[in-house]
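Because the structure is a prediction, the values reported are computed rather than measured. Ligands are counted one by one from 1 in listed order, and the atoms in each one are counted from 1 as well.
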Amino acid sequence: MSPFHVPSEAIILERIQESPNIFTLRLQFADNTQAFKFMPGQFNMLYLYGVGEVAISIVSDPLDDHFFAHTIRVVGRTTEGLSKLKAGDCVGIRGPFGRGWPMLEAEGKDLLLVTGGLGCAPLVSVIEYIMRRREQFAHVDILQGVKHADDMIWRKRYAQWAQAPDVNVLLTADLPDHVNWPGDLKGNVVQLFKRLDLRPDNSLAMLCGPELMMKAAITELQQHNMSDDNIWLSLERNMHCGIGQCGHCQMGEKFVCKDGPVFAYPEISANFHLDSI
Ligand SMILES: Cc1cc2nc3c(=O)[nH]c(=O)nc-3n(C[C@H](O)[C@H](O)[C@H](O)COP(=O)(O)OP(=O)(O)OC[C@H]3O[C@@H](n4cnc5c(N)ncnc54)[C@H](O)[C@@H]3O)c2cc1C
Ligand code: FES
């Protein structure tokens with residue numbers, strides 16, 4: 001059977017608590033002889049033995065090809081079980097699956113990375129990728145919005161990224177609290193667009209997070225004359241097989257697991273109605 005059907009064993013090297021209900025696992029395959037090749041935006045299926053399997057984005061940089069990382073929010077049975085694991089414990093891994101972000105098309109362009117909540121996970125590996133290859137891309141805007149200030153994980157990383165040349169980082173919270181909030185920005189992430197100096201002719205946008213947020217962002221980008229071909233988004237659907245066989249993640253004629261999770265907007269616009277904001 002192919003490794004895409006049978007999980008390979010991976011060992012937890014480190015477990016990091018990012019917020020009360022979000023944690024990161026740094027992992028390495030038990031048989032660590034081969035490099036683990038993936039593209040930013042791809043995901044793995046994590047199997048918690050005896051409990052269940054869940055789709056989780058890979059958040060590390062593909063250059064670190066002998067270990068990889070996942071950041072997980074506890075929402076149900078499997079993610080809760082995964083949260084109880086510690087360094088030295090094992091999980092099963094199938095993957096990497098799906099199509100990642102268009103890194104070749106992005107070269108030489110201004111990049112607008114817009115994320116909401118833990119939606120930032122599929123874009124973190126892109127940001128790491130860009131930072132290590134900064135000269136290959138033009139101006140970079142990173143916009144991250146959360147509901148509560150406490151949900152803003154990776155603040156140190158955002159602060160580091162903001163130091164890189166020609167990188168603009170804007171963080172916002174719907175409900176900032178005065179004690180625990182570094183910036184003066186509050187409200188919805190899409191409201192930050194008015195602070196940007198977008199060059200639609202040479203820009204590519206990457207969006208991930210709640211679908212309502214992505215729909216609002218697409219509408220705003222269209223109003224800024226951004227071509228739909230340059231708007232990319234990462235979708236989440238209920239997944240079982242991860243390889244286009246069970247139909248759980250089907251969206252029209254597309255399978256989110258196999259044809260996505262990253263899509264150019266025109267590829268899915270027929271099933272992603274902007275008027276349902
Ligand atoms: C391509 C892809 C990438 C993903 N990447 C990540 C990632 O990097 N990190 C991460 O934490 N999750 C990610 N997810 C979501 C993750 O797969 C689900 O949260 C997980 O399957 C939930 O499994 P569970 O058994 O813990 O919860 P379940 O028992 O299946 O669900 C419990 C309850 O939570 C609800 N629920 C399920 N998923 C979510 C969700 N995403 N948000 C809020 N409520 C939910 C269910 O409707 C149900 O009511 C990704 C999903 C996809 C498809
Ligand atoms: S998860 Fe089975 S077809 Fe996509």
### Query
Which atoms of ligand 2 are found less than 4.0 Å from any heavy atom of Gly244?
3 (S)

### Message
For a quick test of reading the model, state the closest non-hydrogen atom pair linking Ser203 to Asn230 and the distance between them.
### Response
O-CB, 3.3 Å

### His240: numbered ligand 2 atoms lying under 4.0 Å from its heavy atoms
1 (S)

### Query
Counting each atom of ligand 1 from 1 as listed, which ones have a heavy atom of Arg77 under 4.0 Å away?
24 (P), 25 (O), 26 (O), 27 (O), 29 (O)

#### Entry: Lys156 bridged to Glu18 by N-O distance under 4.0 Å
no

### Task
With heavy atoms only and a cut-off of under 4.0 Å, state how Met239 meets ligand 1: side chain, backbone, both or neither.
side chain

### Summary
Filtering Val75, Ile72, Val51, Thr24 for the heavy atom nearest atom 34 (O) of ligand 1 leaves Val75

### Query
Of the backbone atoms (N, CA, C, O) and the side-chain heavy atoms from C-beta on, which set of Asn238 has a member under 4.0 Å from an atom of ligand 1: side chain, backbone, both, or neither?
neither

## Note on the structure
If you compare Gly76, Ala55, Ser83 by their heavy atoms, the one closest to atom 16 (C) of ligand 1 turns out to be Ala55

### Query
Taking the six-membered ring where the residue is Trp, are the ring centres of Tyr265 and Phe263 under 6.0 Å apart?
no

### Message
One pair to check against side-chain contact (heavy atoms from CB on, under 4.5 Å): Leu25 and Ile56. What are the steps and the verdict?
### Response
CA-CA 11 Å; Leu25 299 179; Ile56 303 288; over 6 Å; no

### Message
Could you check, using the six-membered ring where one of them is a Trp, whether Phe29 and Phe36 have ring centers closer than 6.0 angstrom?
### Response
yes

### Task
Taking only Lys NZ, Arg NE, NH1 and NH2, and the carboxylate oxygens of Asp or Glu, determine whether Arg157 and Glu128 approach each other closer than 4.0 Å.
yes

### Asp141 and Asn168 side chains, donor-acceptor separation under 3.5 Å
yes

### Query
With a cut-off of 4.0 Å, which atoms of ligand 1 are near a heavy atom of Arg73?
10 (C), 11 (O)

### Message
Any nitrogen or oxygen of Glu80, side chain or backbone, less than 3.5 Å from one on ligand 1?
### Response
no

### Task
Compute the angle centred on atom 4 (Fe) of ligand 2 spanning SG of Cys249 and SG of Cys257, and express it rounded to 10 degrees.
100°

### Query
So does Asp197 have more than 12 non-hydrogen atoms from other groups sitting under 6.0 Å from CG?
no

### Message
Determine whether a donor-acceptor pair (N or O, by modelled atom type, separation under 3.5 Å) exists between the side chain of Arg94 and the backbone of Cys241.
### Response
yes

### Query
Which ligand 1 atoms, with their elements, are less than 4.0 angstrom from a heavy-atom of Arg237?
53 (C)

### Which of the ligand 2 atoms, numbered from 1, are nearer than 4.0 Å to a heavy atom of Cys246
1 (S), 2 (Fe), 3 (S)

### Task
Kindly give the heavy-atom pair with the smallest separation between Gly242 and Phe97, and that separation in Å.
O-CG, 3.6 Å

### Mode of Lys258 contact toward ligand 2 - side chain, backbone, both, neither (heavy atoms, under 4.0 Å)
neither

### Task
May I ask you to list the atoms of ligand 2 that are less than 4.0 angstrom from any heavy atom of Gly247?
2 (Fe), 3 (S)

### Geometric N/O contact Val54 with ligand 1, under 3.5 angstrom
no

